[in-house]
Amino acid sequence: MSDNVLTDLRRLSLGPMAEALQHQMQQPGTYDDLAFTERLSLLVDHELQCRHQRRQQRLIRAAGFRMAATLNDVHYGNARNLERRQIAELGQCDWIGRNQNLLVTGPCGSGKTYLACAIGHAACLLDHTVRYLRMPTLLQLFGQARATGEFLRVMQRLGTVELIIIDDFGLRPLEAVDRHDLLELMDQRYARASIAIVSQLPVAQWHAAIGDATLADAILDRVVHNAHRIELKGESMRKRNAMHTADAEPNPAPPPAHDQT
């Protein structure tokens, strides 16, 4: 009978519950004194926990993060201009529920992408849908969608994502069609969903980087005024990590002496 129950649970796509029941049967001394409802509650809790973990992993995979980053591994230092309290608050992701935005700026190698991915990862753990896109990839996606007649469908699909992270904003000048596409995306998400923009350029230079005064006003008006800001400073984290790695490596052994005989 026990084998039949286990088989039926798996047929019902309740594999974790079946595993938990099998675990209970293998340790009767631990669970025999519990009431039926208590044992059933443990089985249901295990099933729900496993489903939640699977959903989190699906959200993380779907986000397409550039880096496997977590807030626990964020490096804080006085020179980085990074406050633990601010990052902790952003990691709670209440700002996503309020449809607010996030702007992360700083010099090359300062850890902008890692930090944005870490915050996005935290959002996935809290069951928010996230999509990470580099600016060139986003513009290419729009161009391909327009060429195939699927621009509206792609825009609608992006509209269902609770947080979109746009990295490498402002690396190259925008074409006229790019500016219109970007405005369409910002307008669709304004007061409905969140955007995180990551850029080497300070926010004060974004207007010029967009390239058209009228469209720049419209785009930035929908992004900047309800946004949290992180302005990273300091030396390149890539350089710092490379130096630490070099310091940790043992000194190479000297080459063997040549035989002079």
Side-chain angles (χ1 to χ4, degrees), residues 48-74 85-105 111-142 144-145 150-170 178 180-199 203 206 218-230 232:
L48 291 175
Q49 182 180 6
C50 289
R51 289 192 178 196
H52 185 228
Q53 291 174 347
R54 288 201 300 266
R55 172 173 167 76
Q56 290 176 334
Q57 293 304 312
R58 287 196 301 270
L59 290 172
I60 292 170
R61 288 194 299 270
F65 294 120
R66 188 174 180 178
M67 296 180 174
T70 66
L71 291 180
N72 290 335
D73 294 329
V74 171
R85 180 174 180 176
Q86 182 188 23
I87 301 306
E89 290 176 352
L90 291 172
Q92 296 297 315
C93 297
D94 294 337
W95 58 282
I96 298 177
R98 296 192 293 269
N99 302 321
Q100 296 174 343
N101 301 321
L102 174 64
L103 314 179
V104 184
T105 59
K112 303 180 299 297
T113 297
Y114 187 95
L115 184 59
C117 289
I119 293 174
H121 179 270
C124 290
L125 296 183
L126 293 172
D127 287 337
H128 293 291
T129 53
V130 182
R131 182 77 184 274
Y132 170 92
L133 290 163
R134 295 181 62 247
M135 186 70 172
T137 304
L138 176 64
L139 297 179
Q140 183 180 27
L141 176 65
F142 287 150
Q144 292 174 345
E150 297 186 344
F151 182 82
L152 181 60
R153 186 181 66 84
V154 169
M155 191 66 71
Q156 290 174 341
R157 189 172 68 231
L158 289 176
T160 65
V161 180
E162 294 174 82
L163 171 64
I164 291 180
I165 301 173
I166 302 176
D167 200 355
D168 292 333
F169 178 83
D178 298 334
H180 284 284
D181 290 347
L182 194 58
L183 176 59
E184 181 70 21
L185 178 65
M186 301 306 177
D187 187 62
Q188 181 192 62
R189 300 185 65 80
Y190 179 67
R192 300 184 184 92
S194 297
I195 288 180
I197 297 181
V198 184
S199 177
V203 176
W206 289 8
I219 291 169
L220 296 180
D221 183 65
R222 289 160 171 78
V223 176
V224 174
H225 300 304
N226 65 338
H228 302 266
R229 297 194 188 190
I230 300 174
L232 292 172

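From a predicted model like this one, the values you see are computed outputs, not experimental measurements.
- Contact between G111 and L232 at its shortest, heavy atoms only, is C-CD1, 3.8 Å.
- What you find for S199 and F169 is that their closest heavy atoms are OG-O, 2.7 Å.
- The backbone N or O of M135 sits nowhere less than 3.5 Å from a side-chain atom of Q140 that would complete a donor-acceptor pair.
- The minimum heavy-atom distance between A145 and V154, with the atom names listed, is CB-CG2, 3.6 Å.
- At a threshold of 4.5 Å between non-hydrogen side-chain atoms, the residues I230 and I87 count as touching.
- Formation of a donor-acceptor pair under 3.5 Å by the R222 side chain with backbone atoms of M186 is not found in this model.
- Note: L139 CG to L133 CG = 10.0 Å, rounded to the nearest 0.5 Å.
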With a cut-off of 3.5 Å and sequence neighbours excluded, list every side-chain donor-acceptor pair involving residues 155-164.
residue: T160; atom: OG1; partner: R157; partner atom: O; Å: 2.7
residue: E162; atom: OE1; partner: H128; partner atom: ND1; Å: 2.9
residue: E162; atom: OE2; partner: T129; partner atom: N; Å: 3.0
residue: E162; atom: OE2; partner: T129; partner atom: OG1; Å: 3.4

Please walk me through it: do F65 and V130 pass side chain to side chain contact (heavy atoms under 4.5 Å, CB included)?
CA-CA 9 Å; F65 294 120; V130 182; 3.9 Å; yes
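- Residues K112 and T105 share a closest heavy-atom pair of CD-C, 3.6 Å.
- Within 6.0 Å of CZ in F151 there are more than 12 heavy atoms belonging to other residues, nucleotides or ligands.
- The shortest distance between side-chain heavy atoms of I166 and Y132 does not fall below 4.5 Å.
- Considering L71, I60, T70 as possible partners of L125, the one that fulfils the side chain to side chain contact (heavy atoms under 4.5 Å, CB included) test is I60.
- Expressed to the nearest 0.5 Å, how far CZ of R54 lies from CD of Q57 amounts to 11.0 Å.
- At distances below 3.5 Å, at least one donor-acceptor pair connects side-chain atoms of N101 with backbone N or O atoms of V223.
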Show me the side-chain donor-acceptor pairs of residues 91-100 shorter than 3.5 Å, one per line, residues at least two apart or across chains.
residue: W95; atom: NE1; partner: L90; partner atom: O; Å: 2.9
residue: N99; atom: ND2; partner: A191; partner atom: O; Å: 3.2
residue: Q100; atom: OE1; partner: H228; partner atom: NE2; Å: 2.7

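- Between R134 and D167, none of the side-chain N atoms (NZ, or NE/NH1/NH2) sits under 4.0 Å from a carboxylate O, so this pair counts as no salt bridge.
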